[in-house]
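Notes for the one structure printed next.
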Number of protein chains: 2
Amino acid sequence: MKLSKTSGYTIRLLSYMINSDLQVFQAGFLSEKLRIPDKYLRKILTDLSKSGFIKSIRGREGGYVFAKNANKITLWCVIDSIENINNYTGCVLGFGECSEENPCSLHYEYLPVREKLLNFLKTTTIADLKNENIGKF
Amino acid sequence: MKLSKTSGYTIRLLSYMINSDLQVFQAGFLSEKLRIPDKYLRKILTDLSKSGFIKSIRGREGGYVFAKNANKITLWCVIDSIENINNYTGCVLGFGECSEENPCSLHYEYLPVREKLLNFLKTTTIADLKNENIGKF
DNA sequence: ATAAATTACTACCTCAGTATAGCATTTGCA
DNA sequence: TGCAAATGCTATACTGAGGTAGTAATTTAT
């Protein structure tokens with residue numbers, strides 16, 4: 001019931017970026033600041049770039065910048081680009097098909113919890129994480 | 001954000017048992033009814049037995065029976081016996097320490113979601129899953 | 001007693017997520 | 001022009017969850 005490690009890394013990364021005054025971010029700098037394994041963070045950055053959330057600038061003085069406004073980047077779409085989103089929308093007991101018509105034994109009890117979770121993921125954006133009080137990334 | 005596969009199997013198993021008129025359940029019978037890999041379900045049954053939720057009866061005519069009243073078995077304590085419960089209580093971004101005093105960038109936004117989830121897990125019992133309308137295990 | 005039906009134990013296999021290593025490519029600055 | 005600083009790519013290793021296989025131990029029906 002928690003984000004995958006990669007999703008966690010990614011949201012830490014993006015929230016660090018939105019809370020910084022810098023415009024361009026280098027992988028080495030970020031992995032040091034965020035204490036995320038260097039090579040792994042580089043992979044995440046490349047993937048985020050391919051997904052269109054950030055843009056890469058190659059060559060000397062290069063790095064990464066936001067490719068779209070942070071208030072348009074929801075947790076939902078970030079996670080969707082990393083994990084199987086069915087982990088969040090699917091049946092809590094793991095059934096392939098689980099609906100009002102054909103519910104699992106936890107279906108109705110879990111319904112309001114899922115609603116709250118999905119609403120959180122779909123409405124929270126990276127821009128919402130801009131907060132002067134956070135010193136932890 | 002879903003239960004581990006093993007936790008899902010386990011809750012399906014217990015909800016099947018509470019919804020059945022039988023008193024004693026054999027592993028082979030259960031794996032067939034629940035379509036859970038036979039050998040794996042046997043392991044789950046042994047673990048549940050060691051955890052004290054069910055009792056095993058060895059030998060011919062043996063099987064498993066509830067070892068405690070199903071209304072005393074919460075989803076929470078079942079999951080806690082299977083997974084690292086920190087997956088549910090811990091920081092959503094994966095920080096070791098994350099609290100009101102030292103929050104992560106998602107801490108306050110995620111708080112009400114976690115509350116709802118934990119309340120659900122801690123208050124829902126296997127007995128609550130007794131329901132005539134469910135034909136799916 | 002013995003055979004059959006059942007659980008218990010130990011060891012191994014597989015796969016996806018996580019992490020590492022090395023080299024290729026691009027680009028700006030001296 | 002060439003070196004340095006950055007990203008891009010490919011291949012490999014590690015780890016834990018999930019799953020499989022075979023044998024041992026226990027108990028009851030006959």
Side-chain angles (χ1 to χ4, degrees), chain A residues 1-13 17 22-65 67 79-88 93-94, chain B residues 1-13 17 22-32 34-65 67 79 81-88 93-94:
Chain A
M1 291 285 195
K2 70 172 164 193
L3 303 177
S4 76
K5 206 162 187 180
T6 306
S7 292
Y9 284 164
T10 303
I11 292 166
R12 284 169 59 192
L13 164 70
M17 287 172 65
L22 299 174
Q23 295 300 311
V24 182
F25 300 84
Q26 282 85 41
F29 173 82
L30 288 170
S31 74
E32 192 166 320
K33 287 288 182 188
L34 300 165
R35 294 177 308 284
I36 295 172
D38 185 71
K39 282 289 192 179
Y40 199 63
L41 181 57
R42 285 170 194 271
K43 180 178 181 310
I44 290 173
L45 286 163
T46 301
D47 291 345
L48 277 179
S49 187
K50 285 177 178 165
S51 299
F53 298 114
I54 61 179
K55 277 188 300 212
S56 69
I57 303 170
R58 298 190 69 170
R60 188 165 176 164
E61 311 279 288
Y64 298 91
V65 298
I79 293 167
D80 186 35
S81 77
I82 297 168
E83 304 176 50
N84 182 354
I85 203 67
N86 188 254
N87 291 344
Y88 301 83
L93 291 185
Chain B
M1 289 290 195
K2 71 173 164 194
L3 303 177
S4 77
K5 205 161 186 180
T6 304
S7 292
Y9 284 163
T10 303
I11 291 166
R12 285 170 57 192
L13 164 69
M17 287 172 64
L22 298 174
Q23 295 300 310
V24 182
F25 300 84
Q26 282 85 39
F29 173 82
L30 288 170
S31 74
E32 193 165 319
L34 300 166
R35 295 177 308 284
I36 295 172
D38 185 72
K39 283 289 193 179
Y40 199 63
L41 181 57
R42 286 170 193 272
K43 180 179 180 308
I44 290 173
L45 286 162
T46 302
D47 291 346
L48 277 179
S49 186
K50 285 178 179 165
S51 301
F53 298 113
I54 60 180
K55 275 189 300 211
S56 71
I57 303 169
R58 298 189 69 171
R60 188 166 176 161
E61 311 279 287
Y64 298 91
V65 297
I79 293 168
S81 78
I82 296 167
E83 305 176 49
N84 182 353
I85 202 66
N86 189 254
N87 292 344
Y88 300 83
L93 291 185

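Being a predicted model, the structure only gives us computed values, none of them experimental. Throughout, a chain's letter reflects where its sequence line sits, starting with A, and its residues are numbered from 1.
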**Q.** Under 3.5 Å donor-acceptor, B/Arg12 side chain and A/Leu93 backbone
**A.** no
**Q.** Expected output: side-chain B/Thr46 to main-chain B/Arg42 donor-acceptor under 3.5 Å
**A.** yes
Q: Starting at CG of B/Leu13, measure out to CG of B/Leu45 and round the result to the nearest 0.5 Å.
A: 5.5 Å
Q) With respect to the phosphate group of D/dT7, does any side-chain polar atom (N or O) of A/Lys55 fall under 4.0 Å of OP1 or OP2? A) no
Q) Once you round to the nearest 0.5 Å, how far does OH of B/Tyr64 lie from CD1 of B/Ile57? A) 10.5 Å
Q: Send over the distance from A/Asp38 CG to D/dA5 P, rounded to a whole Å.
A: 15 Å
Q) Between the side chain of A/Glu83 and the main-chain N/O of A/Ser7, is any donor-acceptor distance below 3.5 Å? A) no
Q) With a non-hydrogen cut-off below 4.0 angstrom, is A/Leu45 in contact with a base, only sugar-phosphate, or nothing? A) nothing
Q) Can you tell me if the side-chain N/O atoms of A/Tyr40 get under 4.0 Å from OP1 or OP2 in D/dC14? A) no
(Q) Here's a test of your reading of the structure: between B/Glu61 and B/Ile82, which maps to the more 5' nucleotide of DNA chain D? (A) B/Ile82
Q) Say you draw a straight line from CG of B/Leu30 to CE of B/Met17; how long is it, rounded to the nearest 0.5 Å? A) 7.0 Å
Q. Given atom CD1 of B/Ile57 and atom C1' of C/dA8, what is their separation to the nearest angstrom?
A. 15 Å
Q. Looking at A/Lys43, does any N or O in its side chain come under 4.0 Å of the phosphate oxygens OP1/OP2 on C/dT20?
A. no
(Q) I need the CG-C1' distance between B/Asn86 and D/dG16, as an integer number of Å. (A) 16 Å
Q. Donor-acceptor pair under 3.5 Å: do we get one between B/Arg58's side chain and the base of C/dT7?
A. yes
Q: Drop me the distance from A/Tyr9's OH to A/Ser4's OG, to the nearest 0.5 angstrom.
A: 10.0 Å
Q) What is the distance from CD1 of A/Ile54 to C1' of D/dA6, rounded to the nearest Å? A) 14 Å
Q: Enter the distance from B/Ile54:CD1 to B/Leu48:CG here, rounded to the nearest 0.5 Å.
A: 4.5 Å
Q) Counting only side-chain N and O atoms of B/Ser56, is one of them less than 4.0 Å from OP1 or OP2 of C/dA8? A) yes
Q | Given C/dT7, C/dT27, C/dT18, the nucleotide with the shortest approach to the side chain of A/Arg60 | A | C/dT27
**Q.** For DNA chain C, the residues among residues 23-34 of chain A that have a non-hydrogen atom under 4.0 Å from it
**A.** none
Q. Closest to the A/Pro37 side chain: D/dC3, C/dT20, D/dG18?
A. C/dT20
Q: Rounded off to whole Å, could you give me the CG-to-P distance for the A/Leu41 and C/dT20 pair?
A: 12 Å
Q) According to a strict under-4.0 Å criterion, is B/Tyr9 in side-chain N/O contact with OP1 or OP2 of D/dG19? A) yes
Q.
Whole angstroms only, please: what is the CZ-P distance between A/Arg42 and C/dG22?
A. 14 Å
Contact list (N/O, under 3.5 angstrom) for nucleotides 9-12 of chain C vs protein:
| unit_1 | atom_1 | unit_2 | atom_2 | d |
| --- | --- | --- | --- | --- |
| C/dC9 | OP2 | B/Lys50 | NZ | 3.3 |

Q. Roughly, in whole Å, what's the span from CG in B/Asp47 to C1' in D/dG19?
A. 14 Å
Q. Do any N or O atoms from the side chain of A/Ser51 and from the backbone of A/Asp47 form a donor-acceptor pair under 3.5 angstrom?
A. yes
Q. Taking atom OG of A/Ser56 and atom NZ of A/Lys50, what is their separation to the nearest 0.5 Å?
A. 10.0 Å
**Q.** Atom pair distance, as rounded to whole Å: CD1 in A/Ile36 and C1' in C/dT18
**A.** 13 Å
